[in-house]
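Below, read A as the first sequence line, B as the second, and so on, with proteins coming before strands; counting in each chain starts at 1. Quick note: numbers below take in every heavy atom, side chains included, and nothing from hydrogens, waters or symmetry partners.
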Protein chains: 2
Amino acid sequence: MMMSVVETGRRERKKLATRAALRQAALRLALRDGVENVTAERIADEADIARRTFFNYFSGKEEALLATAAVGAEAVVARFRARPPEESVLHALREAVLEVMDRDDVAGHEHVAVLRLARAAPSLLPQQLSVLAAQEKALAAAIGSRLAEPDDAYARLCATVAFATLRLTLDRWLERSTGDDPPPLEVLRAEVATAFATLAAGLDRP
Amino acid sequence: MMMSVVETGRRERKKLATRAALRQAALRLALRDGVENVTAERIADEADIARRTFFNYFSGKEEALLATAAVGAEAVVARFRARPPEESVLHALREAVLEVMDRDDVAGHEHVAVLRLARAAPSLLPQQLSVLAAQEKALAAAIGSRLAEPDDAYARLCATVAFATLRLTLDRWLERSTGDDPPPLEVLRAEVATAFATLAAGLDRP
DNA sequence: TGCATTCGTGCACGGCGTGCATCGAGTCCG
DNA sequence: CGGACTCGATGCACGCCGTGCACGAATGCA
């Protein structure tokens, strides 16, 4: 039983492909028919996979849909780890977030599409929050290993507050959507910068 | 169709009683048999109410269980509104939280019991986060009406960060549970104070 | 007292999530 | 190469979930 990340077998490749197929099928159906009309059965059919097998990969349609968003949150943590250690915590966090946002690739567009679906579909909110909560632990660990002296309380507070701020900023950005596409990325970048600046300067006000 | 909060009729009293009976039955069963062994049917039977009627009051067992916790979050918002306007935002928030915690009544003990259940039962996490997210709007509105000049971005950021901090602090407090009961309240009060102090002083670190 | 609401309830139905047994492709080893 | 082993994919069955619908009873009102 190896825990290596790079499992080089045909089996592992097929598993990855199956998971991706299900994830994309879920997103396609949600965009085409609306979130409320998506069932596990339909997703499985769309990907030409048995219903039972779908549940081997995801606990439900919500998890399949938000798996796309989870990749984005993981990416933020990964980028944060890669930031130079001399940067302050909030500075590194902000840059990590901006780096992920600047990736204007297919995964990014899918991520935005999922977030827009989640905004309109209340049934996705619990799962969306759970995804962030799960990544909080990873981010807290990453922050902790950056500190000169360990401070679990501070690391976890930072992680929690950072993701909460990110979620709020994205929500406010999507809220401004005119018609059927989101505002320009520059607006989002500016909002992220000001939010993190507020946190760094001290949140209190008279 | 009156929207008054105090509906003084026999009907309203019975509805409140039914809701409370279901809520308490859910908590009783979860504590006795474990969260995973609680079903809507059992809750309804325990309260001597039809299964169908249960779903007229709650969307599922998770909501019935977390309803107890939701009351606590609402109380924080209510106390915050009652704080004198000359206090700074974070100061008023901290005092509001401490006021609610100091209420050593039955509702408080039930609230703690539910939080301890939620910590051990992953299936309750999504709903727990949703409860807080729902109260964020109310808290943001309360903060907004306190500010000299309106600042929606700041108000919502404060509300989100405050509840996120509260959730984290409670989690860390329950984490320290020795055996079958939580650490003393004084520890919790101190943790809340330091967390809010950190936010007020600025979250960033080298 | 009679009428209008509204609540509680039973019924039915489609969807959900999982344990279990089976089959077959992929992997390993001699 | 070939046999044995591993593990994912699948079908089946079952209990639970959440809701639309219809109906009767309790409540509120004039």
message = If you assign each of A/Lys15 and B/Phe55 to its closest nucleotide in DNA chain D, which residue comes earlier from the 5' end?
response = A/Lys15
key: A/Phe58 CZ to D/dA9 P, straight-line distance once rounded to whole Å   = 12 Å
ask   = Does A/Tyr57 place a side-chain N or O at less than 4.0 Å from the phosphate oxygens OP1/OP2 of D/dA9?
value = yes
request  = Could you state the atom-to-atom distance from CZ of A/Arg19 to P of D/dG8 in whole Å?
outcome  = 13 Å
ask   = Quick one: on DNA chain D, does B/Glu41 or A/Asn56 contact a more 5' nucleotide (nearest heavy atom)?
value = A/Asn56
DNA chain C: 5'-proximal contact among A/Ser59 and B/Ile49 (nearest heavy atom) = B/Ile49
Donor/acceptor link under 3.5 angstrom from B/Arg52 side chain onto base of D/dG20 = yes
query = Side chains of A/Thr169 and A/Glu191: is there a donor and an acceptor less than 3.5 Å apart?
reply = no
Salt bridge flag under 4.0 Å for residues B/Glu99 and B/Arg94 = no
task = Assess whether one donor atom and one acceptor atom, taken from the side chain of A/Arg11 and the base of D/dC7, lie less than 3.5 Å apart.
result = yes
task = For C/dG8, take OP1 and OP2 only and decide whether either is under 4.0 Å from a side-chain N or O of B/Thr18.
result = yes
Value in whole Å for how far the C1' atom of D/dC7 lies from CZ of A/Arg13 = 16 Å
inquiry  = Using a heavy-atom cut-off of 4.0 Å across all strands, would you classify A/Arg10 as base, sugar-phosphate, or nothing?
reply    = sugar-phosphate
ask   = Could you give the CD1-to-P distance, from B/Ile43 to D/dG18, as a whole number of Å?
value = 10 Å
inquiry  = If the threshold is 4.0 Å, N to carboxylate O, is there a salt bridge linking A/Glu41 and A/Lys61?
reply    = no
inquiry  = Can you tell me if B/Lys14 touches the phosphate of C/dC7, counting only side-chain N or O atoms and a distance under 4.0 Å to OP1 or OP2?
reply    = no
task = Provide, to the nearest angstrom, the distance between the CD atom belonging to B/Glu36 and the C1' atom belonging to D/dC17.
result = 17 Å
message = For a quick test of reading the model: is some side-chain N or O of B/Thr53 closer than 4.0 Å to OP1 or OP2 of C/dT9?
response = yes
task = Figure out the CG/C1' separation between A/Asp45 and C/dC16, and round it to whole Å.
result = 15 Å
query = If you check the B/Arg51 side chain, which of C/dC7, D/dC7, D/dG18 turns out closest?
reply = D/dG18
Between D/dT10 (C1') and A/Asp48 (CG): distance, integer Å = 13 Å
inquiry  = Quick one: does any side-chain atom of A/Asp105 pair with a main-chain N or O of A/Gly108 as donor and acceptor, under 3.5 Å?
reply    = yes
ask   = Rounded to whole angstroms, how far apart are CG on A/Leu22 and P on C/dG17?
value = 14 Å
message = Looking at A/Phe80, I'd like to know if the NZ or CZ of A/Arg146 sits under 6.0 Å from its six-membered ring centre while staying within 45 degrees of the ring's axis.
response = yes
